[in-house]
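Letters A, B, ... mirror the listed sequences (proteins, then strands); counts begin at 1.
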Amino acid sequence: MKYDHKSIEKKWQKVWDETGVFNATEDTNKKKFYALIEFPYPSGQGLHVGHPRPYTALDVVARKRRLNGYNVLYPIGWDAFGLPTENYAIKNHIHPEIVTEKNIARFKQQIKSLGISFDWSREINTTDPEYFKWTQWIFLQLLKHGLAYKKEMAVNWCTSCKCVLANEEVVNGVCERCSSEVVRKVKSQWMLKITAYAERLINDLDTVDYPERVKAQQRNWIGRSTGAEVDFDTTAGDKLTIYTTRPDTIFGATYMVISPEHPYLEKWKGLLKNNDEISEYQAMAARKSDFERTEGNKEKTGVRLEGVEAINPANGKNISIFISDYVLVSYGTGAIMAVPGHDTRDWEFAKKFGLPIIEVVKGGNIEEAAFTDCAAGVMVNSDFLSGMTVEDAKKAIVDYLTEKGIGHEKVNYKLRDWIFSRQRYWGEPIPVIHCPKCGIVPLKESDLPLKLPMVESYEPTDNGESPLANIADWVNVKCPCCGADAKRETDTMPQWAGSSWYFIRYMDPHNKEALAGKEALDYWKNVDWYNGGMEHTTLHLLYSRFWHKFLYDIGVVPTAEPYAKRTSHGMILGSNGEKMSKSRGNVVNPDEIVEEFGADTMRLYEMFIGDFEKAAPWQQNGVKGCRRFADRYFNLQEILIAGDKIRPELESAFHKTIKKVGYDIENLKFNTAIAALMALMNDIYAAGSINKEELRIFTILLNPFAPHITEEVYSANSLGKGLVAQAQWPEYDESKCKEDTVEIAVQINGKIKARINIAADSDNDTAISAAKADEKVAAELTGKTVIKEIYVKGKLVNIVAK
RNA sequence: GCCGGUGUGGUGGAAUAGGCAGACACAAGGGACUUAAAAUCCCUCGGACCACAAAUCCGUGCCGGUUCAAGUCCGGCCACCGGCACCA
């Protein structure tokens, strides 16, 4: 009989669908296991072979855990709000809801053809009002707790499209669509105070099991630094507060720099003699897009303030103040003390403007470059700090400043608050009303969900407002407080909103009273294993941790962290080693692979392709190899014999493989798990036959990777009552994993001279004498003095001789 | 520039804790079966030396070190990939 993947896969997918075997239960007596993949954005292009890699990987884990007796929750849904859909809808005059529906249908059909054991009864969709009702509800809680606020912010504004652009729509400083100039425009935006959680977001990384590289990226992104805030007196009378991480270098501060947006510039207008020059510089900085300000010429620019000077509080000397765009308003206090001797940017600036450079830490050559790597250095030219180490000087100066009341220790974060407004149609409406009398009035929770108006035109307005602003009968409402004429907020939420809590909804997706019921939350608690892409490490992963902590604080969820364990997959590249993309023409569609080779082969190849955590190029020939493996597995049925015990000659091979496959699956080493199964199969074919018990075990081990073909073989040969529902993951016996005799290498002075077979449990003396008894070794040793003998059990003997 | 990661045969990749480098595949070459091809099965497959083999030597990006023993550890470089980018 030939292996016919089409009929087998169709047959079992239907059975699984009808019986709902993969649906999680609420059986709280069972151990729970919650596996999660990042739910897809249903784009118009459909799946490419990169999508199934994480889905298959956690499917392998989920299927194995079910065979281990766990109650497994492995859900899927759709992160369906977003720009591409809206843009496609505008272009083709189809409502985004219809586009979304169509895209989801296609994604669903494609994913289902792969036989992933998702619990489809819990499917969610972020654009479903029954879902986003709760996204809006969370926003109202944030607002209530003072974590949502409005702020004037610069946004990207396309001068031709007359609309606000997301950062990713700005390519090389111009609009992605029309290539027109993009400028910064100030708009009032909703912000979420993620910075209030910065400290906990860093500290709690110690409580979760994430790869070190993920933790490091989050820590760097949050960017905690400990320094000091110091007040500098000015000749204008105002105190100018700066932030520095190097208060120890204060005696080397020879000038100051404030950002072009600093409020004192307005205040000091009357005192300044070069206001025109300053205004010009301010205008230039404002005109620059983010791109120009960062990617452009790094040559330092700036203007000296004429008429106001500062006084260095350490030595009482007058120093100049400059404005320069290398100092950012958004970080610290928007002002710095410049220490050109020990800061690269300050050094460059000082060189250009001919400012004094003073060495305050010994060890570098400040004529050549700033000496920044000076943590181990000793202070000089610094009055009472001179002679101290940098570390001691930091403490001493902070104590001094604190005592004098002109400074104190201060922790700063690079992390900024989350810009939560989007001037778009296809997103969750922000559920507040603007009343001329009452101000910002939140919608009543009972009025949620606030749905999007179903209209023909949702094109961008030309004044930077959301398309919703044009829809009069939606925008104009009565104030829920005072009844006066009021207007709805027209901004919508970013795509990150719906994905910041979706894993909670999966626990109880149909609940009408809450995000999820208490019982479900108490049982499922948090995600046990979350796999996703490295590209989501700093945004999605951080945002969702923030929301979860907030929900924990207000008593909604039972754990402080949403994900106990995080893993990350590598990308699947095109066969040319480049990222798969339509424009490069190297996209592989999984449908074709499933059609020609079958879903099981597709899954095997996805897992065999290489180290799961690294990128790997797609190679069609590799697919053929996996199909060959599936064929060889199917053909085992032709050499099947009776027998209800593993035969002695295969015993250790089987036990070793059971151990390895189980270990590898739990440790993301899917490629070597499959390699081990291939090797075992080679052993079986070498033995000439396989008995029923051996086939049963092999089938269960292979099942997580190739679920359809194994179900078929299991059922056709009556190996048990039903693989998915009844079978148990096989146990291995440690004592049977070992061979009785092993071949070990014999080295002389580290070079291999012979290989000998000895009993696996040989002791030191036995092994070494056996090694010396070898003819070759004996010959090599003649006339030499043995200095040292090393025996590593089961591996080698090394004899050091002269 | 900073942070993180990666460099192993013709290719994808193996090598739990410093212990036989190249598992498992792919491709290639040879053979069997076949009228023939495909499929399948068997053999070879890092390099140098060599008629062949044995033996020997070289070999995990580069240079150096530690060790009886280094792909693995340490120091110094180089290249590539990803992220961030004037964060005081």
Hey, does [X] reach any base, or is it just sugar-phosphate, or nothing, if we go heavy atoms under 4.0 Å?
| X | answer |
| --- | --- |
| A:Glu789 | nothing |
| A:Asn671 | sugar-phosphate |
| A:Gly332 | nothing |
| A:Leu796 | base |
| A:Asp346 | nothing |

Output yes when [X] and [Y] qualify as a salt bridge under the 4.0 Å nitrogen-oxygen rule, no when they do not.
| X | Y | answer |
| --- | --- | --- |
| A:Glu409 | A:Lys394 | no |
| A:Asp248 | A:Arg246 | yes |
| A:Glu596 | A:Arg627 | no |

Within less than 4.0 Å of OP1 or OP2 of [N], is there a side-chain N or O belonging to [X]?
| X | N | result |
| --- | --- | --- |
| A:Arg628 | B:rA39 | no |
| A:Tyr331 | B:rA88 | yes |
| A:Lys624 | B:rA27 | yes |
| A:Asn621 | B:rA28 | no |
| A:Thr537 | B:rG83 | no |
| A:Lys793 | B:rA17 | no |
| A:Lys751 | B:rC58 | yes |

How would you list, by chain and number, every residue that makes a side-chain hydrogen bond (donor to acceptor under 3.5 Å, both in side chains) with A:Arg545, sequence neighbours excluded? A:Gln218, A:Glu561
Could you tell me how far apart A:Met678 (CE) and B:rC26 (P) are, to the nearest whole angstrom? 7 Å
Expressed as a whole number of angstroms, how long is the span from A:Leu573:CG to B:rG82:P?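 Spelled out: CG on A:Leu573 to P on B:rG82 is 10 Å.
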Does NZ in A:Lys352 sit with more than 12 non-hydrogen atoms of other residues, nucleotides or ligands closer than 6.0 Å? yes
Short heteroatom pairs, N/O only, protein and nucleotides 68-78 of chain B, under 3.5 Å:
residue : atom : partner  : partner atom : Å
B:rC68  : O2'  : A:Asn798 : ND2          : 3.4
B:rC68  : O2   : A:Asn798 : ND2          : 2.5

Distance between P atoms of B:rC62 and B:rA70 (Å, rounded): 15 Å
When the P atoms of B:rG5 and B:rG10 are considered, how many whole Å apart are they?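 Those two atoms are separated by 28 Å.
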Have a look at A:Ile799 and tell me which of A:Asn749, A:Ile790, A:Val786, A:Ile787 forms a side-chain contact (heavy atoms from CB on, under 4.5 Å) with it. A:Val786
Using salt bridge (Lys or Arg N to Asp or Glu O under 4.0 Å) as the criterion, list what pairs up with A:Lys351, not counting sequence neighbours. none
Selection: residues 407-417 of chain A, any non-hydrogen atom under 4.0 Å of RNA chain B: A:Lys414, A:Arg416
Using a 4.0 Å heavy-atom cut-off to protein, can you give one letter per nucleotide of nucleotides 2-11 of chain B, 5' to 3': B if the base is in contact, S if only the sugar-phosphate is, - if neither? -SS-S----S
Output all residues satisfying ring pair (Phe, Tyr, Trp, His ring centres under 6.0 Å) with [X], sequence neighbours left out; order by chain, then residue number.
| X | answer |
| --- | --- |
| A:Phe353 | A:Phe322, A:Phe349 |
| A:Phe698 | A:Tyr633 |
| A:Trp496 | A:Tyr543 |
| A:Trp618 | A:Tyr605 |

side-chain hydrogen bond (donor to acceptor under 3.5 Å, both in side chains): pairs with one or both residues in residues 786-799 of chain A, sequence neighbours excluded: A:Lys772-A:Glu789
A:Asp231 and A:Thr241: which non-hydrogen atoms are nearest, and at how many Å? OD1-OG1, 2.8 Å
My understanding is that only residues two or more places apart in sequence, or in another chain, count here; which of them pass side-chain contact (heavy atoms from CB on, under 4.5 Å) with A:Ile319? A:Phe232, A:Met256, A:Ala310, A:Asn312
From C-beta outward on A:Lys776, which listed nucleotide comes closest to its side chain: B:rU56, B:rA88, B:rA14? B:rU56
Dot-bracket notation for RNA chain B is requested: 5' to 3', Watson-Crick or G-U wobble pairs only, both distances under 3.5 Å, with ( ), [ ], | and . as defined. (((((((..(((......[....))).(((((.......))))).(((.......)))..(((((..]....))))))))))))....
